[in-house]
Structures are given as structure tokens and as C-alpha cells.
Participant: 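Please see the structure below; I have some questions.
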Amino acid sequence: MPAPIPRDIPDLPAIPGKPALKPSPVPATAVVTPVRRPAAAAFRLLVALAAAAGVTLEVLLGDTSRTLGYFAIQSNILLALVMAFSARRAWTASRPLPGAVLGATLLYVVIAALVHHLLLANEASPFSLTGEAAAAPTGWQAVAHHTLHTLTPIAAALDWLLLTPPGRLHLRQASAWLLYPLAYLVFSLTRGELLLPGTPDRYLYPFLDVDQDGYKKALGNALLLGLSFYALATLLVALDHARPNPLRHPWKTGFRL
């Protein structure tokens, strides 16, 4: 026969300090039901197709080795890949891509667009294109040109503003995002050294033209551009934390990216 339960149970001693909850090893998908987002998937697929089409047209209409060397072409290739993966994850309700990847991709295509419109296509700029490069493109060349320098950057910005939750970017990521522009600088200067003097488009951008300005001025231009890119990355992070959440729906749950 079990012993009787005593009527008076002594109080247990208080636990010093505040109790801390241990992080749960259970993933969010096991607690919250993921939600498919077909509209976001369709929009991102269209952006990916537009970027891929623009790059394809540029490659088919120009010299492949020279075309693939442009920063705008490379950044749009990255945009096409990222948007395609994001579209698939939105369609299948999978875990979204990291915010750092989306932020870096947006930064690169915006950089390419700003450099083109403010420096290369602007007649008041000291780095404006001259000669045949300054001629307005026509036909399919114009379609590819406006797609890569205007349409896809605007579409990427709209995707970020309207289809992604805020607060996913961090200031520590801004310096890491500049590794690719730094690698592109090394690539551009190395490419120019490997080509013979007098080769057309030996240096793809006038602000990195060592033949015309020398290494000192070209590296000075690169430094100023790098500081501008870092300021733009910092602004992107600040806007990410200041903008409202366009996907805040209290009656829905699950991933919203």
C-alpha cells in the first residue's frame, strides 16, 4: 500500500535570477504552415525571364567576350538566377533566400543602372561615352539596352519594396557586398593588361581607362565609386529598416518571401 500524501508540502526555494528559455531546435516550418505565393512567383519569374532575355540579346548582337565583361551584364545574370530561385521557393512555399543575397543582387543591378544613366549616358558627366559607343541603340539592341539598364533594376526594386518583408538587411553586410565590385575592378584591370595596346574596348569603362588616365587616376576613380557604392549599400539597409511591411496580414501565417 503506497504511503499517504502529506497535507503540508514545504515550499521550494526560489530560483535566483530570471528563468531563461532555451532556443527550440524545432524549425519554423514544423510550427507554422508555409504559404504558397503564386503572384510573387509569377512576378519574379517574369523578372528572371526579362533579365535572361536582355543578356541573351546583348550576347547575340555583340562580341561575346566583350559583352560578358560588362558589370551590367554580370549583375543581370545574377538577378536572373536569384529571381528564378526565389520564384520557385515562393511557388512551393519553401524557405526564402537569405536577405543578404537579395540585398546584394538589388544593389548590383541598381549600381549598374546608376552608373549608366548618371555617368555614361549623361553628357554632362566627365565619363560620358563618346564616338560609336555614345550613339543611341536601335532595334533589338535598344530593347536589350533598356531592359538591362532600366527595366530589370526597377523590377528588382519593386520586388524588394512590395514582395519582401523589411528588417532582413544588416549594416555588417554592406561591406561584404563590396567584395564583388572589388573583384570586378581586379578583373577589369587584368583584362586590360592582357589585351594588346590599341585593342578596341580594352578598358570597358572610361573611368577605369588606364591607357587614357593612368593607374593613379583610374584607381582614384575606383576609390570614389567604391565609397559611393558603400553609401548606397548603407542607404539600402537604412531603408529596409524604415519602410513599412507590405505583407503584414494578421489573418495569414507562414513565409512571406
Participant: Examine distances only and state if a side-chain atom of D159 and a backbone atom of A155 form a donor-acceptor pair shorter than 3.5 Å.
Facilitator: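 Judged by distance alone, no pair lies under 3.5 Å.
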Participant: For the rings on F71 and Y205, is their centre-to-centre separation under 6.0 Å?
Facilitator: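 Centroid distance F71-Y205: not below 6.0 Å, so no.
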Participant: Which heavy-atom pair separates A72 from H149 by the least distance, and what is that distance?
Facilitator: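 Closest heavy-atom pair between A72 and H149: CB-NE2, 3.7 Å.
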Participant: When you measure from the side chain of R37 to the backbone N and O of W91, does any donor-acceptor pair fall under 3.5 Å?
Facilitator: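 No, R37 side chain to W91 backbone: no donor-acceptor pair under 3.5 Å.
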Participant: Name every donor-acceptor pair, under 3.5 Å, that has one atom in a side chain of residues 138-148 and the other anywhere in the protein, sequence neighbours excluded.
Facilitator:
residue, atom, partner, partner atom, Å
Q141, NE2, E58, OE1, 3.0
H145, NE2, H116, NE2, 3.0
T147, OG1, V143, O, 2.6

Participant: Can you find a side-chain donor-acceptor pair between R36 and S94 that sits under 3.5 Å?
Facilitator: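 No, S94 and R36 have no side-chain donor paired with an acceptor closer than 3.5 Å.
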Participant: Between R44 (side chain) and M83 (backbone), is there a donor-acceptor pair under 3.5 Å?
Facilitator: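 No: the side chain of R44 does not pair with the backbone of M83.
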Participant: First locate atom OG1 of T56, then atom CG of N76, and finally report the distance between them rounded to the nearest 0.5 Å.
Facilitator: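 Output value for this atom pair is 11.0 Å.
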Participant: Only one of I77, V109, V47, T105 clears side chain to side chain contact (heavy atoms under 4.5 Å, CB included) with V82; which?
Facilitator: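 Of all the options given, the one that passes is T105.
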Participant: How many angstroms lie between atom OG1 of T164 and atom CG of L97, to the nearest 0.5 angstrom?
Facilitator: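 If we round to the nearest 0.5 Å, T164:OG1 and L97:CG are 11.5 Å apart.
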Participant: I'd like to know if L61 and V59 are part of one continuous hydrophobic network [Ile/Leu/Val/Met/Phe/Trp/Tyr, side-chain heavy atoms within less than 4.5 Å].
Facilitator: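 V59 does not cluster with L61.
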Participant: To the nearest 0.5 Å, tell me how far L225 CG sits from L119 CG.
Facilitator: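 The CG atom of L225 sits 6.5 Å away from the CG atom of L119.
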Participant: What is the minimum heavy-atom distance between P206 and F127, and which atoms define it?
Facilitator: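 P206 and F127 have their closest heavy atoms at CG-O, 3.1 Å.
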Participant: I'd like to know if I111 and L129 are part of one continuous hydrophobic network [Ile/Leu/Val/Met/Phe/Trp/Tyr, side-chain heavy atoms within less than 4.5 Å].
Facilitator: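 Yes.
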Participant: List the steps and the verdict of side chain to side chain contact (heavy atoms under 4.5 Å, CB included) for Q173 and V237.
Facilitator: CA-CA 9 Å; Q173 299 167 345; V237 174; 5.6 Å; no
Participant: Keeping the roles fixed (side chain from T199, backbone from L195), state whether a donor-acceptor pair exists under 3.5 Å.
Facilitator: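 The answer is no, because no donor-acceptor pair under 3.5 Å joins these two groups.
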Participant: Does CZ in R243 sit with more than 12 non-hydrogen atoms of other residues, nucleotides or ligands closer than 6.0 Å?
Facilitator: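 Buried by this count: over 12 neighbours within 6.0 Å.
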Participant: Rounded at 0.5 Å granularity, tell me how far CG in L178 sits from CG in L232.
Facilitator: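 Between atom CG of L178 and atom CG of L232 there are 9.5 Å.
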Participant: Within the structure provided, determine whether P166 and H241 are in side-chain contact (heavy-atom separation under 4.5 Å).
Facilitator: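 Result no, sub-4.5 Å side-chain heavy-atom pair not found.
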Participant: So, for P165 and N245, which heavy atoms are closest and what is the spacing to 0.1 Å?
Facilitator: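 Closest pair (atom of P165, atom of N245, distance): CA-OD1, 3.9 Å.
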Participant: Answer yes or no: does atom CZ of F85 have more than 12 heavy-atom neighbours from other residues, nucleotides or ligands under 6.0 Å?
Facilitator: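 No, not enclosed.
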Participant: Evaluate the side chain to side chain contact (heavy atoms under 4.5 Å, CB included) criterion for residues T150 and H117: first the C-alpha distance (whole Å), next the side-chain angles of each, then the deciding distance (0.1 Å), finally the verdict.
Facilitator: CA-CA 9 Å; T150 304; H117 290 290; 3.2 Å; yes
Participant: Look at the side chain of W177 and the backbone N and O of A100, then say whether any donor-acceptor pair between them is shorter than 3.5 Å.
Facilitator: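 Checking the backbone N and O of A100 against the side chain of W177, a donor-acceptor pair under 3.5 Å is found.
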Participant: When you check the side-chain N and O atoms of Q74 and Y180, is any donor under 3.5 Å from an acceptor?
Facilitator: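 Yes, because at least one side-chain N or O of Q74 sits under 3.5 Å from a partner of the opposite role on Y180.
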Participant: Any idea which heavy atoms bring A174 and A233 closest together, and the distance?
Facilitator: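 The pair with the smallest heavy-atom distance is CB-CB, 3.8 Å.
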Participant: Measure the CG-OG distance between L45 and S86 for me, rounded to the nearest 0.5 Å.
Facilitator: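 Interatomic distance, L45 CG to S86 OG, rounded to 0.5 Å: 11.5 Å.
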Participant: Membership question, hydrophobic clusters at under 4.5 Å side-chain separation (ILVMFWY): are L224 and L189 in the same one?
Facilitator: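 No.
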Participant: Is it true that a side-chain atom of N221 and a backbone atom of F207 form a donor plus acceptor pair closer than 3.5 Å?
Facilitator: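 Flag set: sc N221 to bb F207 pair under 3.5 Å.
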Participant: Under 4.5 Å between side-chain heavy atoms, hopping through other hydrophobics if needed: is there a path connecting L107 to L163?
Facilitator: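 Cluster IDs for L107 and L163 match.
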Participant: Would you name the heavy atoms of N122 and S128 that are closest together and state the gap between them?
Facilitator: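 What the structure gives for the nearest pair is O-CB, 3.0 Å.
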Participant: Indicate, with yes or no, if L158 and Y108 share a hydrophobic cluster defined by side-chain heavy-atom contacts under 4.5 Å among Ile, Leu, Val, Met, Phe, Trp and Tyr.
Facilitator: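 Y108 and L158: one cluster.
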Participant: Looking only at heavy atoms, which two atoms of R89 and P96 are closest? And how far apart?
Facilitator: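 Between these two residues, the closest heavy atoms are NH1-O, 3.6 Å.
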Participant: What pairs with F187 under ring pair (Phe, Tyr, Trp, His ring centres under 6.0 Å), at least two apart in sequence or on another chain?
Facilitator: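 Here the qualifying residues are Y184.
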Participant: Run the numbers on L169 and W160 for side chain to side chain contact (heavy atoms under 4.5 Å, CB included), then give the verdict.
Facilitator: CA-CA 11 Å; L169 305 182; W160 178 68; 4.1 Å; yes
Participant: Counting distance only, does the side-chain N/O of D201 pair as donor-acceptor with the main-chain N or O of R66 below 3.5 Å?
Facilitator: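 Between the backbone of R66 and the side chain of D201 there is no qualifying donor-acceptor contact (under 3.5 Å).
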Participant: Can you tell me how far apart CG (L106) and CG (D240) are? Round to the nearest 0.5 Å.
Facilitator: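 Result: 10.0 Å between the selected atoms.
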Participant: For E193, look at atom CD and say whether over 12 heavy atoms of other residues, nucleotides or ligands are found less than 6.0 Å away.
Facilitator: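 Result for CD/E193: enclosed.
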Participant: Do the side chains of L208 and L204 get nearer than 4.5 Å, heavy atoms only?
Facilitator: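 Side-chain contact under 4.5 Å: no.
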